[in-house]
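All remarks here apply to the structure that follows.
Scope of the values below: all heavy atoms of this structure, side chains included, with no hydrogens, waters or symmetry mates. Every number for a ligand or one of its atoms is a count from 1 in the order of the listing.
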Amino acid sequence: MRMNKTVYADRRARFMEEIGTDGVAIFTAAPERSRSADTHYPYRPSSDVLYLSGFEEPETVLVFAPGHDDGSFIMFVRPRDPEREVWDGVRAGCDNAKAMFGADEAHPIDMLDETLPRYLEGRHTLHYTLGNDDRFDQKIAGWMNKLRYRRGSPPAAPRLMADAREILHEMRVRKSAPELEMMRIAARISSEAHVIAMRTARPGLHEYEIQAAMEHHFRRNGADFPAYTSIVGTGENATVLHYVTNRDKLNGDDVLLIDAGCEYDFYAADITRSFPVSGQFTSAARDAYQAVLTAQKAAIQDVAVGVRYNELQERTVRRLTQALIDLGALKGGLDESIETEAYKAFYPHRVGHWLGMDVHDVGSYYDAAGEWRELEPGMVVTVEPGLYFPIDADVPEGLRGLGIRIEDDIVVTAEGRENLTASCPKEIADIEEIIGTLH
Ligand code: GLY
Ligand code: MN
Ligand code: MN
């Protein structure tokens, strides 16, 4: 927990104000997952639990029961266990859940079945997200039944179930000043790593060597994880959107597409850069790159308070479709190519997504009326147009096997926008200079 404790306390207070004294909410930390035999993937609790508590241990359940006699914020945590702690490290235990993490009451997780129903009892609405964890869903059903069918007492189970994400994710979609501070750090480290990649790449190296140089920079700067599996795709690998094998050798005539960002204090950066391994774009690659760059810069300028999320995509589709016609990849007219979605053969994804604790962050893209929502100050979106030409596409030869995406992370501000990743070079002259100086 690197953020100030008051940040978490303020969030909990805001959340509990929303659910009210007749509501109760439950969040679980996500189970540990085994990777191979008895080894596990590095553990990361669900972002909702981190957002509300900063508590990083597995087997954690947060309960919010505003006004309950035990207190409003209750944590179920792993109990202290000297024997296990020799193997797995120190546990906070119940005492520190209260002293350090602000719980009003804390129970050992093995008391869940006996203890949790008392917080549901007599509440009107249960805020919980079904469908994330089947085993926990079953537990909820069991507790509800127990409270519904009590011999000799009236039913006391909540009568309404609400999706806990509705309130919490609406809070998470607008980032506060301390959150933006973390995102600036994640963005800075990740931008530096992309420059390192440009300086490192040369013909004969492998994609994984570039990945290693970048992830080395993430970790030595205090980032806990890559925010997602790094994509390092050279040549035609760059046309595969989620290419993560990262084993091929770089050729001098390749464009290398790298989509990599780190997670710092649980906040993600998400950056893509595409550059020529040789340090010089071929003429066809240069034209395609310049088209994507122009569309990307225009889309960043489109980010503003009041613009509907979908407008960013619609305007980008128009710009990229025109570019595809100019590059000779599409034969039809502009309106026709948009209408028939012919552009999707080369631009199949959206221009961006919310960014925050999750790389594809939570929060609705729609407003209460079901319309695409308007951008508001504090929202963070990626802007990441791209063009991808499969090796066997019916396009001018110089474009075949070329994948180009350029991605920055943009905060919506009252005045306009802040580009968190502005320090990551993307102008042709800048990237050719960085690569060229060392080859
Ligand atoms: N790195 C995933 C994305 O750009 O959406
Ligand atoms: Mn990305
Ligand atoms: Mn992205």
>> Within rounding of 10°, what is the angle whose vertex is the Mn ion (ligand 2) and whose arms end at OD1 of Asp270 and OD2 of Asp259?
In response: 150°

>> Side chain or backbone, does His353 bring an N or O within less than 3.5 Å of an N or O on ligand 1?
In response: yes

> With atoms numbered from 1 as shown, which atoms in ligand 1 lie under 4.0 angstrom from a non-hydrogen atom of Glu407?
Replying inline: 4 (O)

> Just distances here: any N/O of Thr272 and N/O of ligand 1 closer than 3.5 Å?
Replying inline: no

>> Could you tell me if Arg11 sits above the aromatic ring of Tyr51, with its cationic atom closer than 6.0 Å to the ring centre and no more than 45 degrees from the axis?
In response: yes

>> Tell me whether Arg78 is salt-bridged to Asp110, with the criterion being a basic N under 4.0 Å from an acidic carboxylate O.
In response: no

>> To make sure I understand the geometry: which N, O or S atom in Glu384 is closest to the Mn ion (ligand 3)?
In response: OE2

>> Any atom of ligand 1 sitting under 4.0 Å from a heavy atom of Asp270?
In response: yes

>> Return the closest protein heavy atom for atom 5 (O) of ligand 1 as residue, atom name and distance.
In response: His360 NE2, 2.6 Å

> Roughly, to 10 degrees, what angle do Glu407 atom OE2 and His353 atom NE2 form around the Mn ion (ligand 3)?
Replying inline: 130°

> Does His349 have a heavy atom less than 4.0 Å from any atom of ligand 1?
Replying inline: no

>> I want to know whether Tyr388 and Tyr347 have ring centres closer than 6.0 Å.
In response: no

> Taking everything shown except Glu17 itself, do over 12 heavy atoms lie less than 6.0 Å from its CD?
Replying inline: no

> Between Lys175 and Asp361, is there a salt bridge with N-O shorter than 4.0 Å?
Replying inline: yes

> Do Arg373 and Glu170 sit within salt-bridge range, that is, some charged N less than 4.0 Å from a carboxylate O?
Replying inline: yes

> Is a side-chain donor-acceptor pair under 3.5 Å present for His353 with Asp270?
Replying inline: yes

> Short list, please: which atoms of ligand 1 are under 4.0 Å from a heavy atom of Asp259?
Replying inline: 1 (N), 2 (C), 3 (C), 4 (O)

